[in-house]
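To start, the structure under review is shown below, and the notes come after it.
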Amino acid sequence: MSIASVDVIVTSPGRNFVTLKVTTSDGIVGWGDATLNGRELSVASYLSDHLASMLIGRDEDRIEDTWQYLYRGAYWRRGPVTMAAIAAVDMALWDIKAKKAGMPLYQLLGGASRDGVRVYAHASGTDFAALSNAITGYRELGFTAVRVQTGVPGLGQIYGVSAAGPGVRYDYEPAKRSGDRPAEEQWDTRQYLTHMPGVFAQIREEFGTDLRLLHDGHHRMTPIEAARFAKDIEPYDLFWLEDATPGEDQAALRLIRQHSTTPLAIGEVFNTVYDYQTLITERLIDYVRSAVTHTGGITAMKKILDFAAIYGIRSGIHGPTDISPVGMAAALHLDLAIHNFGIQEYMPHNEQTLEVFQTSFTFDRGFLHPGDQPGLGVELDEEAASAFEYTKAYLPVNRLLDGTVHDW
Ligand code: CS2
Ligand code: MG
């Protein structure tokens, strides 16, 4: 058997997704997620204009060889567009291999190491009352872990806070369809550093110590600001502080580690193991945050997580709504199989998205399971997908109060 056709499907059921469809000469279909929020068409073109033709006729079973062929054969290394394209091919080939074996993918990755995958939800609110309402809502749904983000007095719309107000729990979508310009948001780290520790104190006061709390700094602090913040929030026993500082400066995490034992998670903007090398070998992080979709797929992600396991570092795979249900399923199969599982991000997709992507993963009292369908367990309905035209959308640009561009 061989790869007979390769198709790229761009659809926008509430937000943009790019999906790769690989079909073998025997008619077996594999799906891969290639969604890169705000730059979707770059990956769609990389796949359709550069990779599709070279995949036709290749043996679909040679996944490792295809991965190396696409990574080394490009000559130009790394980057989110390249690694998202390779990830989509890799996911589709694993989907096909597991379908041919008649097994859910996790069985080919070593079988289940746990009964279910603990997930965390995104609780947010413009103020504490709204945040508390969102946390209560998620606990009622059975979540045992929540990421908490809230507004900062004096600032307008900021990262991570749903603009829809209290009670609407799932709708935070950062990419805005604002014509040809990204929306702009305001930021002031000093106000944030002053405000946030009190929010965690209030949450612990109201919800006790059992609930696992996560928080996303979203790349905005300098190393010393992050060191101070991580120390200030130590009493509130966070499960992790994410992206405390821009992760490209891997050595900066040494400073944070000198000042705090708050667990650190980094990596959602990373796309190869080399982005982690210092962080992992020096144990500067506690969780690997990459998305399977942005990091070269299942083949690459498994290698990164096995490398991290040697250093006592666990998984925290990225799973917001701008990762498609295919990418989410790939994460869940890895989550179920690897030994050093930490936690899985889970922002439920909206109804429109679930019209296009038929999923088989299930949620039960705070845990997800990928299901036991052969393959990844997600199928894309191409007719439903065709009803949702691509609409250009950008992630916001962030500026400090004096107008300086800052990390969003
Ligand atoms: C966030 C992401 O989920 C997270 O941890 O950092 O939602 C991120 O803002 C988006 O993936 C950007 O598209
Ligand atoms: Mg994040």
Side-chain angles (χ1 to χ4, degrees), residues 12 14-18 33-43 80-81 83-84 87 119-124 134 138 143 145-150 157-163 169-178 182-183 185 187 192 196 212-221 226 229 238-248 263-271 275 279 285-295 315-325 327-328 331 342-350 353 391-398 406-408:
S12 190
R15 55 150 299 103
N16 297 317
F17 294 108
V18 179
D33 182 21
T35 305
L36 185 64
N37 203 348
R39 295 296 184 273
E40 294 86 359
L41 297 188
S42 312
V43 187
V81 173
M83 299 316 290
V119 292
Y120 73 87
H122 281 207
S124 76
Y138 278 117
F143 283 88
V146 286
R147 187 191 83 165
V148 293
Q149 307 291 133
T150 180
Q157 172 65 35
I158 62 171
Y159 164 71
V161 180
S162 164
R169 291 193 292 270
Y170 298 155
D171 78 314
Y172 176 60
E173 168 48 66
K176 301 210 175 32
R177 302 176 178 186
S178 47
E185 296 184 357
W187 181 249
Y192 165 77
M196 278 313 292
R212 289 162 177 81
L213 295 184
L214 301 87
H215 179 67
D216 196 339
H218 226 252
H219 326 278
R220 302 176 171 205
M221 292 176 265
F229 185 67
L238 263 64
F239 184 88
W240 81 34
L241 169 62
E242 174 183 347
D243 285 335
T245 193
E248 308 94 288
L264 301 175
I266 276 202
E268 72 179 52
V269 296
F270 289 174
N271 43 76
D275 298 319
L279 296 174
I285 56 172
D286 303 278
Y287 297 94
V288 167
R289 270 295 280 149
S290 285
V292 182
T293 305
H294 298 151
T295 318
S315 71
I317 297 179
H318 195 216
T321 41
D322 47 284
I323 296 295
S324 89
M328 185 69 191
I343 200 164
Q344 173 62 49
E345 179 174 18
Y346 176 45
M347 285 175 78
H349 289 98
N350 64 26
T353 301
T391 312
K392 197 187 286 187
Y394 291 103
L395 288 170
V397 168
N398 203 13
H406 194 64
D407 292 289
W408 168 68

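This is a predicted model, so every value here is computed, not measured. Read the numbers this way: they start at 1 and go in the same order the structure lists the ligands and their atoms.
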Please verify whether a non-hydrogen atom of Arg147 lies at under 4.0 Å from ligand 1. yes
What's the spacing between Lys392 NZ and Arg39 CZ if we round to 0.5 Å? 10.0 Å
If we only count N/O pairs under 3.5 Å, is Asp322 in contact with ligand 1? yes
Quick test: of every protein heavy atom, which one is nearest to atom 3 (O) of ligand 1, and how far off is it to 0.1 Å? Glu345 OE2, 2.4 Å
For N/O/S atoms only: which one belongs to Asp216 and is nearest the Mg ion (ligand 2)? OD2
Ring centroid separation Tyr159 to Trp187 under 6.0 Å: no
Atom indices of ligand 1 within 4.0 angstrom of Asn37 heavy atoms, with elements: 13 (O)
Is a donor from one side chain sitting under 3.5 angstrom from an acceptor on the other, for Arg15 and Asn350? no
Exactly one of Arg289, Gln344, Met328 should register a side-chain contact (heavy atoms from CB on, under 4.5 Å) with His318. Which one does? Arg289
Which residue and atom name correspond to the protein heavy atom nearest atom 9 (O) of ligand 1, and how close is it? His218 NE2, 2.9 Å
Okay, side chain of His349, backbone of Ile323: is any donor-acceptor separation there less than 3.5 Å? yes
Does any N or O in the side chain of Gln149 come within less than 3.5 Å of the main-chain N or O of Asp216, such that one atom is a donor and the other an acceptor? yes
If we check side-chain hydrogen bond (donor to acceptor under 3.5 Å, both in side chains) with Thr293, which of these qualifies: Asp322, Thr35, Asp33, Asn271? Asp33
Could you list the atoms of ligand 1 found under 4.0 angstrom from a heavy atom of His122? 3 (O)
Taking only heavy atoms of Trp408, which atoms of ligand 1 are found under 4.0 Å from at least one of them? 9 (O)
List ligand 1 atoms under 4.0 Å from Arg289, heavy atoms only on the residue side. 3 (O), 4 (C), 5 (O)
Going through the checks in order, is the side-chain hydrogen bond (donor to acceptor under 3.5 Å, both in side chains) test met by Glu242 and His215? CA-CA 6 Å; Glu242 174 183 347; His215 179 67; over 6 Å; no
Answer yes or no as to whether an N/O/S atom of Glu242 is found below 2.8 Å from the Mg ion (ligand 2). yes
Proximity to ligand 1 by part of Met347, non-hydrogen separation under 4.0 Å: neither
Going by the 4.0 angstrom heavy-atom rule, the piece of Asp243 near ligand 1 is neither
Pairing donors with acceptors under 3.5 angstrom, does anything connect the side chains of Glu268 and His294? no
Indicate if the distance from the Mg ion (ligand 2) to the nearest N, O or S atom of Glu268 falls below 2.8 Å. yes
Starting from atom 1 (C) of ligand 1, locate the nearest protein heavy atom and write down its residue, its atom name and how far away it is, to 0.1 Å. Tyr159 OH, 2.9 Å
For Ile343 and Ala145, the nearest pair of non-hydrogen atoms, with its separation, is CD1-CB, 3.7 Å
Among protein heavy atoms, which sits nearest to atom 6 (O) of ligand 1, and what does the distance come to when rounded to 0.1 Å? Glu268 OE2, 2.6 Å
Show me which atoms of ligand 1 lie under 4.0 Å from any heavy atom of Asp216. 1 (C), 4 (C), 5 (O), 6 (O)
